[in-house]
S.K.: 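Just dropping this structure here.
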Amino acid sequence: MAETYDFNAVERKWQAYWDAHHCFTAEAAHDKPKFYALVEFPYPSGAGMHVGHIKAYTSLEILSRKRRMQGYNVLFPMGFDSFGLPAENYAIKTNTHPHDITTANIEHFKDQMKRVGYSFDWTREIATSVPEYYKWTQWIFRKLYDHGLVFRAKTLVNYCPNCKVVLSNEDSQGGKCDVCHSDVIQLPKDVWYLKITAYADKLLEGLNDVDYPDAIKQQEVDWIGKSVGAFVNFKVKDIPEALEIYTTRCDTLYGVTFMVIAPEHPMLDKYRERIGNWDEVEAYRAACAKKTEFERTQLSKEKTGVRLQGFTTINPVSGKEIPVFIADYVMMGYGTGAIMAVPAHDQRDWEFAHKFGVDIIPVIEGGDIEKEAYTGDGRMINSDFLNAYDNKKDSIAAMLEYLGEHDLGRKGIQYKMKDWAFNRQRYWGEPIPLIHCPKCGTVGVPYEELPLRLPDVENFAPGTDGQSPLARIESFVNCTCPQCGGPAKRETDTMPQWAGSSWYYLRFIDPHNDKVFCDPEEMKYWMPVDWYNGGMEHVTRHLLYSRFWHHFLYDIGEVNTPEPYAKRTYQGLILGPDGDKMSKSKGNVVDPISVIDRLGADALRLYVMFMGDYMAATPWSEDSANGCKRFLDRVWRLQDMVKGEGYTDDEMRTKVNACIKKVSEDYERMKFNTAIAAMMSLVNDCYAKGSLTKDEFHTLLLLLYPVAPHISEELNERIGFAPLHHTAWPEYDPDALALNTVEYGVQVNGKIRARLKLPVGMEQKDIVDAALALGDVKPFIEGKTIRKTIVVKNIINLVVG
RNA sequence: GCGAUUGUGGUGGAACUGGCAUACACAACAGACUUAAAAUCUGUCGGGGAAACCUUGCGGGUUCGAAUCCCGCCAAUCGCACCA
């Protein structure tokens with residue numbers, strides 16, 4: 001009898017073995033087929049690993065171990081996204097240095113990952129906050145700058161009053177700060193932008209060439225939000241400048257009864273002396289400015305606005321005079337910040353028109369505009385030359401042509417996605433390599449001076465003046481202009497959290513190179529990433545950002561593929577035992593390391609993969625986790641049941657081969673739960689027989705190894721085989737799966753009534769006769785005529801009446 | 001409001017292209033072993049029962065046959081949200 005399973009000893013033993021034999025180091029040679037598996041490197045928070053990390057990493061861990069056995073050269077790297085606000089906030093609170101905290105956290109994370117037994121190639125470990133790494137982040141930024149994709153603009157920006165930083169649109173989704181969840185406010189500020197909108201179309205088109213789930217593609221498409229429409233110029237009465245609007249329905253131009261411009265629209269200030277009710281306008285603008293983004297959406301039902309006195313426009317096609325309002329349902333950040341309102345066919349305009357008593361003129365037939373706006377298709381009416389067009393495609397085309405001929409407007413494209421606000425007024429990030437020279441303007445830090453190192457600072461607190469702590473370091477700020485040699489000042493903002501992760505997959509390929517960010521020959525072999533797994537929450541942040549950088553690097557000839565990731569998958573959340581999202585405040589967080597302490601790393605890995613559909617959210621269950629440990633104990637005890645070699649009998653031969661097929665295929669489809677269920681069934685079969693052969697056991701351990709590598713290696717060694725890591729993945733024998741009998745389900749009128757075992761290859765007529773003769777079938781067909789018989793796969797259906 | 005995803009036993013979930021619904025686990029119950037408990041092993045386990053029958057959120061439909069396809073509801077989760 002074997003002793004009870006001591007998972008601590010076994011796991012330590014095999015982790016030491018893998019370490020000593022460098023089992024997971026990607027090979028330098030390029031002669032084998034490659035497999036680049038990537039999981040999102042973590043931000044090294046003080047809390048350590050979360051069970052979510054376990055779920056995110058174990059899937060590709062399984063695939064990586066399997067691929068190595070299948071003869072691939074596998075790159076499965078890990079590193080740390082180590083710049084970021086939490087470390088800085090913690091440093092301010094505890095009066096320590098973010099660098100020290102980050103270093104300690106990285107060590108902690110690494111220890112934890114090693115305890116889980118992950119097969120990461122630690123020789124390629126990177127951290128985004130070390131100068132050898134961020135040198136190249138700055139280098140890419142400089143390239144973006146050289147190619148005109150970095151610009152500075154004073155606009156309304158998202159600002160977190162708690163973190164005291166400007167946020168990108170992606171970082172303030174839902175009107176909340178990504179870091180601290182405070183309400184984000186809109187402030188006019190001078191900030192650096194990356195021109196991601198210039199890549200909107202490439203980011204859209206690129207989705208056609210990659211293997212991403214539809215849910216991910218759809219979210220990116222929606223976020224980019226491409227819309228095709230028209231810009232139309234409306235003459236303003238007694239003013240030489242026209243008011244330009246954007247619309248997707250230029251064919252409804254004859255139905256325009258008023259215009260709306262955003263409260264922040266620049267024409268207001270420009271022509272303020274023309275506006276009779278300026279006091280009223282200013283009061284309204286002040287009220288809008290006070291609202292947070294959150295309030296603006298909460299109040300979305302009730303339309304507000306002010307009609308401008310002495311500022312009216314002329315409808316370019318009908319020549320009618322049209323009143324102009326300001327209202328906050330029109331946003332300055334989309335289109336031109338001004339719209340033509342067609343209340344008959346737009347619900348928002350309809351509501352506004354009702355409240356302010358403006359005319360409603362239908363120009364499309366259909367619906368009941370007394371009740372609500374009609375947004376469907378139909379025949380054009382009240383529209384002069386457009387009358388009688390009966391679908392919007394044709395009427396839009398006709399109007400566009402007319403607008404073009406008369407120089408009144410043009411076709412235009414708009415995106416919901418905005419340019420990427422790229423600076424943070426904080427310390428713990430990559431310094432932006434730009435210099436402000438009073439003579440030359442903005443000048444890039446020369447490439448040979450990179451990395452531009454983050455200087456040491458005593459006080460990390462952000463300035464009350466909205467400036468980065470770096471602004472207080474005179475030795476950093478004051479410099480000479482690389483162009484004219486005169487005195488100049490450095491940019492003191494740093495890059496946002498997402499900068500370093502936008503290209504990290506390239507650095508993993510060649511992490512120690514100090515000449516280039518990645519050797520082109522290495523890149524040619526390893527790129528693209530074959531399989532990238534990560535969280536759904538990164539789809540409109542990191543995933544989009546890194547695709548943007550990669551497309552840019554491709555355009556300037558620095559990388560060899562347009563898209564970085566050939567295939568992307570995501571994991572579903574692990575919910576707390578109560579079915580709610582895990583959170584500290586709810587106290588339902590499960591610590592993976594405490595699970596390892598109790599049940600072992602193999603049991604943790606097994607349970608997380610067994611708990612349900614990989615992409616679905618599933619609650620944690622302590623009982624089920626115990627059950628997985630129990631399964632491993634059952635496998636452990638199989639060592640006392642080993643008898644003989646080869647196959648126990650034909651039945652086991654079939655079962656073992658079916659299991660090889662099922663597990664091999666299910667791992668590839670990320671159906672880890674059913675793969676594990678198949679292995680559990682096989683173990684149950686062995687218990688039912690009371691024995692299994694050495695070879696059967698070996699095969700089972702090969703299949704189990706990617707999920708539970710420690711126990712598998714140990715048992716495999718005990719029955720006398722060479723380490724599984726160096727063994728080829730098993731192939732199933734198709735002959736063993738070819739059955740000589742089929743078990744049919746016999747239906748009468750579609751309802752199952754009996755089961756029938758028959759030899760393979762019988763004539764359909766004989767099969768039906770056998771089914772008709774069954775005692776269980778007789779009562780249902782007696783006295784009735786057989787109208788039709790169907791034999792498909794393993795179903796016999798007798799249709800009677 | 002728009003978009004995506006999902007709805008199956010007491011629980012987590014299986015069911016690949018329409019073909020034997022509830023695999024595999026958890027929990028529960030019973031038996032064996034034990035002085036006893038735990039552990040382990042072996043059974044039972046959707047409802048109803050003599051059988052028929054009913055059962056994949058609800059109501060229709062297509063089909064020899066529907067958890068799966070179509071139409072109409074309802075509910076939940078996530079994402080976007082006055083995008084002109």
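Order of the sequence lines sets the chain letters (A, B, ...), proteins ahead of strands, with each chain counted from 1. In this text the structure is predicted, and so the values were computed from the model without any measurement.
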S.K.: Sort me out a list of protein N/O and nucleotides 67-72 of chain B N/O pairs below 3.5 Å, or just none if empty.
M.R.:
none

S.K.: Run the side-chain contact (heavy atoms from CB on, under 4.5 Å) test against A:Arg787 and tell me which residues pass, sequence neighbours left out.
M.R.: A:Thr785

S.K.: If you draw a 6.0 Å radius around NZ in A:Lys411, do more than 12 non-hydrogen atoms from other residues or ligands fall strictly inside?
M.R.: no

S.K.: B:C29 and B:A37: how far apart are their P atoms, nearest whole angstrom?
M.R.: 14 Å

S.K.: For A:Ser624, what residues pass the side chain to side chain donor-acceptor pair (under 3.5 Å) criterion, not counting sequence neighbours?
M.R.: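 For A:Ser624 the side chain to side chain donor-acceptor pair (under 3.5 Å) partners, ignoring immediate neighbours, are A:Ser621.
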
S.K.: A:Tyr614 ring centre to A:Lys55 NZ or CZ under 6.0 Å, with the angle to the axis within 45°?
M.R.: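 Judged by the rule, A:Lys55 and A:Tyr614 form a cation-pi pair.
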
S.K.: What pairs of donor and acceptor atoms, side-chain ones from residues 741-755 of chain A against any protein atom, are under 3.5 angstrom apart with sequence neighbours left out?
M.R.:
{"residue": "A:Asn749", "atom": "OD1", "partner": "A:Val800", "partner atom": "N", "Å": "2.9"}
{"residue": "A:Asn749", "atom": "ND2", "partner": "A:Val800", "partner atom": "O", "Å": "3.4"}

S.K.: In terms of side-chain heavy atoms of A:Arg753, which of B:G12, B:A84, B:C53 is nearest?
M.R.: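 Given the options B:G12, B:A84, B:C53, the side chain of A:Arg753 is closest to B:C53.
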
S.K.: Which distance, rounded to the nearest 0.5 Å, do you find between the CZ of A:Arg541 and the CG of A:Leu544?
M.R.: 11.0 Å

S.K.: Report the nucleotide, chosen from B:G13, B:A84, B:G79, that has the shortest atom-to-atom distance to any side-chain atom of A:Pro619.
M.R.: B:G13

S.K.: To the nearest angstrom, how far is A:Glu351 atom CD from B:G1 atom C1'?
M.R.: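 Distance check: A:Glu351 CD to B:G1 C1' gives 10 Å.
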
S.K.: Quick one: list whatever passes side chain to side chain donor-acceptor pair (under 3.5 Å) with A:Glu220, sequence neighbours left out.
M.R.: A:Arg547

S.K.: With sugar-phosphate meaning primed atoms plus P, OP1 and OP2, does A:Arg637 contact a base, only sugar-phosphate, or nothing at under 4.0 Å between heavy atoms?
M.R.: sugar-phosphate

S.K.: Please encode protein proximity along nucleotides 16-25 of chain B as a string of B, S and -, counting only heavy-atom distances under 4.0 Å.
M.R.: S--BBS-BBS

S.K.: Kindly write out the residues that satisfy side-chain contact (heavy atoms from CB on, under 4.5 Å) with A:Thr789, not counting sequence neighbours, or none if the list is empty.
M.R.: A:Gln764, A:Val768, A:Ile786, A:Leu798

S.K.: Which part of the nucleic acid, if any, lies within reach of A:Lys751 when heavy atoms closer than 4.0 Å are counted: base, sugar-phosphate only, or nothing?
M.R.: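 The answer is sugar-phosphate, as A:Lys751 gets under 4.0 Å only of primed atoms, P, OP1 or OP2.
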
S.K.: Does a sphere of radius 6.0 Å around NZ in A:Lys392 hold more than 12 heavy atoms from other residues, nucleotides or ligands, not counting ones at 6.0 Å or beyond?
M.R.: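 It does not: A:Lys392 NZ has 12 such atoms or fewer within range.
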
S.K.: Please report the distance separating the P of B:A76 from the corresponding atom of B:A30, rounded so that it comes out in whole Å.
M.R.: 39 Å

S.K.: A:Lys586: which residues meet the side-chain contact (heavy atoms from CB on, under 4.5 Å) condition with it, sequence neighbours left out?
M.R.: A:Asp580, A:Ser583, A:Asn588

S.K.: Pick the C1' atom in B:G1 and in B:G60, then give their distance to the nearest Å.
M.R.: 28 Å

S.K.: How many Å lie between CD1 on A:Ile224 and P on B:G79, as a whole number?
M.R.: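 Distance, rounded to whole Å: 19 Å.
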
S.K.: Checking A:Asp578 now: which residues fulfil salt bridge (charged side-chain N to carboxylate O under 4.0 Å, His left out) with it, not counting sequence neighbours?
M.R.: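 Expected list: none.
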
S.K.: Where each pair must be Watson-Crick or G-U wobble with both distances under 3.5 Å, what dot-bracket representation of RNA chain B is obtained, with crossing pairs in [ ] and other-strand partners as |?
M.R.: (((((((..(((......[....))).(((((.......))))).((.....))..(((((..]....))))))))))))....

S.K.: Roughly how far apart, to the nearest Å, are B:A51 and B:C41 at atom C1'?
M.R.: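 Rounded to whole Å, the distance is 36 Å.
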
S.K.: Which one, B:A84, B:A4, B:C53, comes nearest to the side chain of A:Gln218?
M.R.: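 Minimum distance to the A:Gln218 side chain belongs to B:A4.
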
S.K.: What distance, rounded to whole Å, do you find between the two C1' atoms, one in B:A28 and one in B:G12?
M.R.: 16 Å

S.K.: So what does A:Asp613 hit on the nucleic acid, given a heavy-atom distance under 4.0 Å: a base, only sugar-phosphate, or nothing?
M.R.: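 Touches sugar-phosphate only.
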
S.K.: Can you tell me, in whole Å, how much space there is between the P of B:C54 and that of B:C69?
M.R.: 23 Å

S.K.: Between B:C78 atom P and A:Ile216 atom CD1, what is the distance in whole Å?
M.R.: 18 Å

S.K.: Are any of A:Thr618's side-chain N or O atoms less than 4.0 Å away from OP1 or OP2 of B:G13?
M.R.: yes

S.K.: Once side-chain contact (heavy atoms from CB on, under 4.5 Å) is applied, do any residues pair with A:Glu372, and if so which ones, sequence neighbours excluded?
M.R.: A:Gln347

S.K.: Listed by chain and number, what are the side chain to side chain donor-acceptor pair (under 3.5 Å) partners of A:Arg630, not counting sequence neighbours?
M.R.: none

S.K.: Work out how far the P atom of B:G9 is from that of B:C58, and round it to whole angstrom.
M.R.: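 To the nearest whole Å, 10 Å.
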
S.K.: Base, sugar-phosphate, or nothing: which does A:Ala617 touch, judged by heavy atoms less than 4.0 Å apart?
M.R.: sugar-phosphate

S.K.: Using the P atom as the point on both nucleotides, what is the distance between B:A25 and B:C45, in whole Å?
M.R.: 15 Å

S.K.: Do A:Lys416 and B:C80 share a donor-acceptor pair, side chain to base, under 3.5 Å?
M.R.: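 Counting by modelled atom types and ignoring angles, no donor-acceptor contact under 3.5 Å is found here.
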
